[in-house]
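This is a predicted model, so every value here is computed, not measured. Protein chains get the first letters and strands the later ones, always in sequence-line order, with residue 1 at the start of each.
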Number of protein chains: 2
Amino acid sequence: MSIAIENFVKAIYKNGKRDNNDTKPGNIAKELGISNAAATDMAQKLASKDLLHYEKYQALKLTDKGNKMALNVVRKHRLWESLLFKLFDMSLHDIHREAELLEHQTSDLLADKISEYLGNPKFDPHGDPIPNANGEITTTDTSMALSQTSEGKKYTISRLMSDDKEFFDFCAQHGLKYGNSLFVSKQFNKNKMTQISINNNTILLNEDFTSIIYVNENH
Amino acid sequence: MSIAIENFVKAIYKNGKRDNNDTKPGNIAKELGISNAAATDMAQKLASKDLLHYEKYQALKLTDKGNKMALNVVRKHRLWESLLFKLFDMSLHDIHREAELLEHQTSDLLADKISEYLGNPKFDPHGDPIPNANGEITTTDTSMALSQTSEGKKYTISRLMSDDKEFFDFCAQHGLKYGNSLFVSKQFNKNKMTQISINNNTILLNEDFTSIIYVNENH
DNA sequence: AAATATTTTTAAGTAAGCTTAAATTTTTTT
DNA sequence: AAAAAAATTTAAGCTTACTTAAAAATATTT
């Protein structure tokens, strides 16, 4: 299957995770940076390949086959991110961009070799779960968005859900990194702003940030 | 530039290394597994992009720009082979196939990171030289084909110039590996067959093999 | 050097993956 | 519930990278 198809199926998978009604052609088109017409076209084509269910004007739903393909690509993406993160001193944003290309040029055999080399990790450097070779995901996710946390408690960063360079630069600068600890000192304005302490610094984060930084409470 | 273009330029580079008159469209077409017509077409297109010199019915010659592009792709290919060879237990043939795809999806930054991680190696696991970031190749190649060697001397394997699975399987089975030593016991039939000792075994190789296994004399 | 074979080129056509523009359907607003 | 806005779909067209078939040029054989 082509790169365009893999990316299309992956986009449906990703959007569907967020919001099940976010998989209409227009939303996928936006995600991929193509026209709505192209997305509709592709959706009809992929329906005929049994990768998704297509009904005019409705949200796109992956078939089992389509879901499996998406998970296979996501697996390769996250394995590459894990490997590059381990071996090289590169920003998470750069690593993400490389993985975005490498994911489509990786045999299942190589993916397994990478996984084995890394000790079959369950999470990538963003904290996102890595599907196994059968497309199964470990989803014992008890984490919450930073915007949902309570004042006066300590948390550990479990996921940084973004591809954005500015975001990662900011995170790197302030020690906001997968696995690091932080303390929530104050929630303002009905949790629209959150004040945290990390590495002996106090920073104030708005909802753009606190909605994509996920944490687990420390016990 | 597209994958098709990178592969086209690389094929001219590779064929040109072997034999300067081996770069007519038909030979490139054979190398790439496309029709002669497609190769002529592409040649004309790449001439207009200043990647090669095209004259009707003549061999294709890369411009400086085209040569640089080819070396950049070759660099990435050989760096990937070196990395995969170091990290994973995979056959040279499989490694070659993965590198064939990865080479086109690798930023210059990532190539530099791989090179640095490996200690800026000058040769890949086949013994082929790795161009540096400026496209310069270390060519202090004093090696000779096994078919050119003399009876009664010891040599070290310096290059295995093939992409063929059967060949690599045979090599792996008999310890014919980059860096290994061997002893040439006999040349038969005007060097058309060569008898060697390696790992306490004696094997007889025909010209198909002795023309692509390169060695340096031990002193 | 003529005849034959091979190679290269041109020409016409195809599939994938896009585009823009217009028509249709759905959704939102009033 | 009608009008306006937004999204989706259809239609027509483009580019890339191929294909096959025929024409033209080059290379080889005799």
Quiz prompt | A/Lys68 bridged to A/Asp64 by N-O distance under 4.0 Å | solution =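 Result for this pair is no, no salt bridge flagged.
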
Practice problem: Could you tell me whether A/Lys165 and A/Asp169 have a side-chain N and a carboxylate O separated by less than 4.0 Å? | Solution: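 Yes, this pair counts.
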
[X] side-chain N/O to [N] phosphate OP1/OP2 under 4.0 Å:
X: B/Ser2; N: D/dA17; value: yes
X: B/Lys24; N: D/dA27; value: yes
X: A/Gln58; N: C/dT26; value: no

Quiz item: So do the side chains of A/Met90 and B/Leu110 get within less than 4.5 Å of each other, counting heavy atoms only?
Solution: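 Side-chain contact under 4.5 Å: yes.
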
Exercise. Output all residues satisfying side-chain hydrogen bond (donor to acceptor under 3.5 Å, both in side chains) with B/Lys122, sequence neighbours left out; order by chain, then residue number.
Key: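 Partners of B/Lys122 under the side-chain hydrogen bond (donor to acceptor under 3.5 Å, both in side chains) test: none.
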
Exercise. Sugar-phosphate means primed atoms, P, OP1 and OP2; the rest is base. With that split, encode nucleotides 20-25 of chain D 5' to 3' as B, S or - using protein heavy atoms under 4.0 Å.
Key: BB---S

Quiz item: Taking CE from A/Met42 and C1' from C/dA15, how many angstroms apart are they, rounded to a whole number?
Solution: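 Between C1' of C/dA15 and CE of A/Met42: 12 Å.
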
Quiz item: Cut-off 3.5 Å, side chains only: do A/Gln187 and A/Thr194 have a donor facing an acceptor?
Solution: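 A donor-acceptor contact under 3.5 Å links the two side chains.
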
Quiz item: Is it the case that B/Lys76 and B/Asn72 place a side-chain donor and acceptor less than 3.5 Å from each other?
Solution: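 Judged by distance alone, the side chains do pair up.
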
Self-check item: Closest nucleotide among C/dT9, D/dC18, C/dG17 to the B/Asp41 side chain
Solution: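 Selected nucleotide (nearest to the side chain): D/dC18.
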
Practice problem: Using a cut-off of strictly less than 4.0 Å between a heavy atom of the residue and any atom of DNA chain C, enumerate the qualifying residues of residues 6-13 of chain B by number. | Solution: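 Contacting residues: none.
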
